[in-house]
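Atoms within each ligand, like the ligands themselves, are counted from 1 in listed order.
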Amino acid sequence: MTATDLDAYCAAGQDRFTGELVEFLRIPSISADPAHGADVRRSAEHVLAGALEAGFTRAEIIETAGNPSVYAERMVDPSLPTALIYGHHDVQPVDPLDEWHTAPFEPAIRGGDLFARGAADDKGQVWMHLKAVEALVRARGELPLNLKLIVEGEEESGSIYFEDLVAEHLDRLRADVLVVSDTAMVGRDRPSLTTGLRGLAALEVTVSGPGADLHSGRFGGAVANPIAALAEILAGLHDPVTNRVTVPHFYDDVRELTDQERTSFAAIPLGDGEFLAMAEGAPAAVGEAGFSTLERLGARPTLEFNGIWGGYAGPGSKTIIPATAAAKITCRLVAEQDPGRIAREVARAVTDAAPPGVSVEVDTSAGGRPVVTPVDHPAVQAMARAVTRVFGTAPLFLREGGSIPPVEIFSRRLGMPAVLAGFGLPDDRIHAPNEKFSLDMYARGIRTLAHAWTEIALALARPRSTV
Ligand code: BES
Ligand code: ZN
């Protein structure tokens, strides 16, 4: 494909685009940590200024009961289609800090990658969108459609107040299509678009025994040990042979895969060997019996343990029976599974499994519902053409195991189909030390999005009235 004015604008601006992203990444916008509240606000203001600079004509901070979002728009002509871009400007916490090769908020370029917390998830991808708009406005003079932008400040803490924000601003956020860049491709030379996201339900289980730690010689063997009780409860949540979740009703609202869906999963050229290489060298692919790795990730629910603590974990030994032990659990959800219902069912199963001599408390917080996007929607196909043009290969369509609850909120509240076009790579280490974003993917992402708006505008164009 021949280079266009857009490609030339992007090529000429690329170094500046990288410099701007570096500045954005210096802001430690960790939404989970209240101590960083002022930083998250600063990051919102940074996005607002960047949006205006890029060519959005109206921009404002939208306050929530939590961290602020940014809204911006450039409305060209009411007869043109309208798209809404969603992204998030908050980032994950950085611990364990000592595993970072360079400081998480002092962005560093090594081997063509930009290392910093939030580089791929999601600040780099938000900035890609701003630069694509800039390219269109500066190189062409105008956008081919109306664009709205909402950049949230709390995605990494579960988007708890985001549904309220959407409900309050329904008219302002309404659009023909939602476009989100907060996912990854299969590989640099294996472009892909995401067609589904799993939902999430989160729980914290606390097992309590004695009112204070006890000497394990004086009391051991005569009272229940909360760590043993917790281990027993957690171990019972999966079947050891099939790896299925044992919680009653857990699978009630899961839809079985159709033969056609299974055929299309099987057709995706990504073997377990390649998958394991992405999984930081995990020794084997393990999961629910009867399903392939890609089916397990895209179309089956899970129950995972994210953290467990209790007792003494320092050097040497300390002979105690701890007063408490606790664990964090999240379930990834698919199809019609409801996060509230799943959290309740898991909580009941955990409480019912408590052995004698301990008490169990469960805190639940619903995360978000799963969503699938229509692969044959004209806007998805339009994005696929833009990807093909820039990457030289047509994208694979793949369901993703991660969650972005706002995508389902927009679908349910505003009936908006989503185009999930993320430019991360599987080895970006999102949520982990040494997160990075490939500068090549950053550049290709900007070009792809710039071309995509023209394709999407054409694909969604309303026939002109002849009256
Ligand atoms: N960008 C991720 C979601 C994601 C990760 C999509 C990997 C595709 C591949 C997003 O920022 C995220 O981390 N979401 C959370 C949501 C949760 C806090 C409700 C997740 O998936 O854990
Ligand atoms: Zn994330």
Check whether more than 12 heavy atoms from other residues, nucleotides or ligands sit under 6.0 Å from atom CD of E23, and answer yes or no. yes

Is E336 atom CD crowded by more than 12 heavy atoms from other residues, nucleotides or ligands, each under 6.0 Å away? no

Where the Zn ion (ligand 2) is the vertex, angle from E156 OE2 to D121 OD2 to 10°: 90°

Between Q92 and ligand 1, which residue portion shows a heavy-atom distance shorter than 4.0 Å: side chain, backbone, both, or neither? neither

Backbone, side chain, both or neither: what part of R332 comes under 4.0 angstrom of ligand 1, heavy atoms only? side chain

To the closest 0.5 Å, what do you measure between [atom1] ([X]) and [atom2] ([Y])?
X: H129; Y: Y86; atom1: NE2; atom2: OH; answer: 12.0 Å
X: S69; Y: I150; atom1: OG; atom2: CD1; answer: 4.5 Å
X: E295; Y: R399; atom1: CD; atom2: CZ; answer: 9.5 Å

Mind running side chain to side chain donor-acceptor pair (under 3.5 Å) on E152 and S159 for me, showing each step along the way? CA-CA 8 Å; E152 190 195 354; S159 303; 3.0 Å; yes

Mind checking whether [X] has a heavy atom under 4.0 Å from ligand 1?
X: E154; answer: no
X: T330; answer: no
X: H88; answer: yes
X: G367; answer: no

Kindly confirm or rule out an N or O of [X] lying under 3.5 angstrom from an N or O of ligand 1.
X: T183; result: no
X: S157; result: no
X: E400; result: no
X: D121; result: yes

Between the Zn ion (ligand 2) and H431, which N, O or S atom of the residue is the nearest one? NE2

Given D182, V91, L200, which one has a non-hydrogen atom that is nearest to atom 17 (C) of ligand 1? L200

Shortest heavy-atom approach to atom 14 (N) of ligand 1 - which of A120, S31, A184, S403: S403

I need the nearest protein heavy-atom contact for atom 18 (C) of ligand 1: residue, atom name and distance, please. E155 O, 3.8 Å

Could you check atom 5 (C) of ligand 1 against the protein and tell me its nearest heavy-atom contact, residue, atom and distance included? I430 CD1, 3.6 Å

Close side-chain approach of R369 to P339, heavy-atom, < 4.5 Å: yes

Take F250 and R244 through the test side chain to side chain contact (heavy atoms under 4.5 Å, CB included) and record every step on the way to the result. CA-CA 10 Å; F250 188 79; R244 278 172 68 88; over 6 Å; no

Do F410 and F162 make the cut of ring centroids closer than 6.0 angstrom? yes

Sub-6.0 Å ring centroid separation between W127 and H89: no

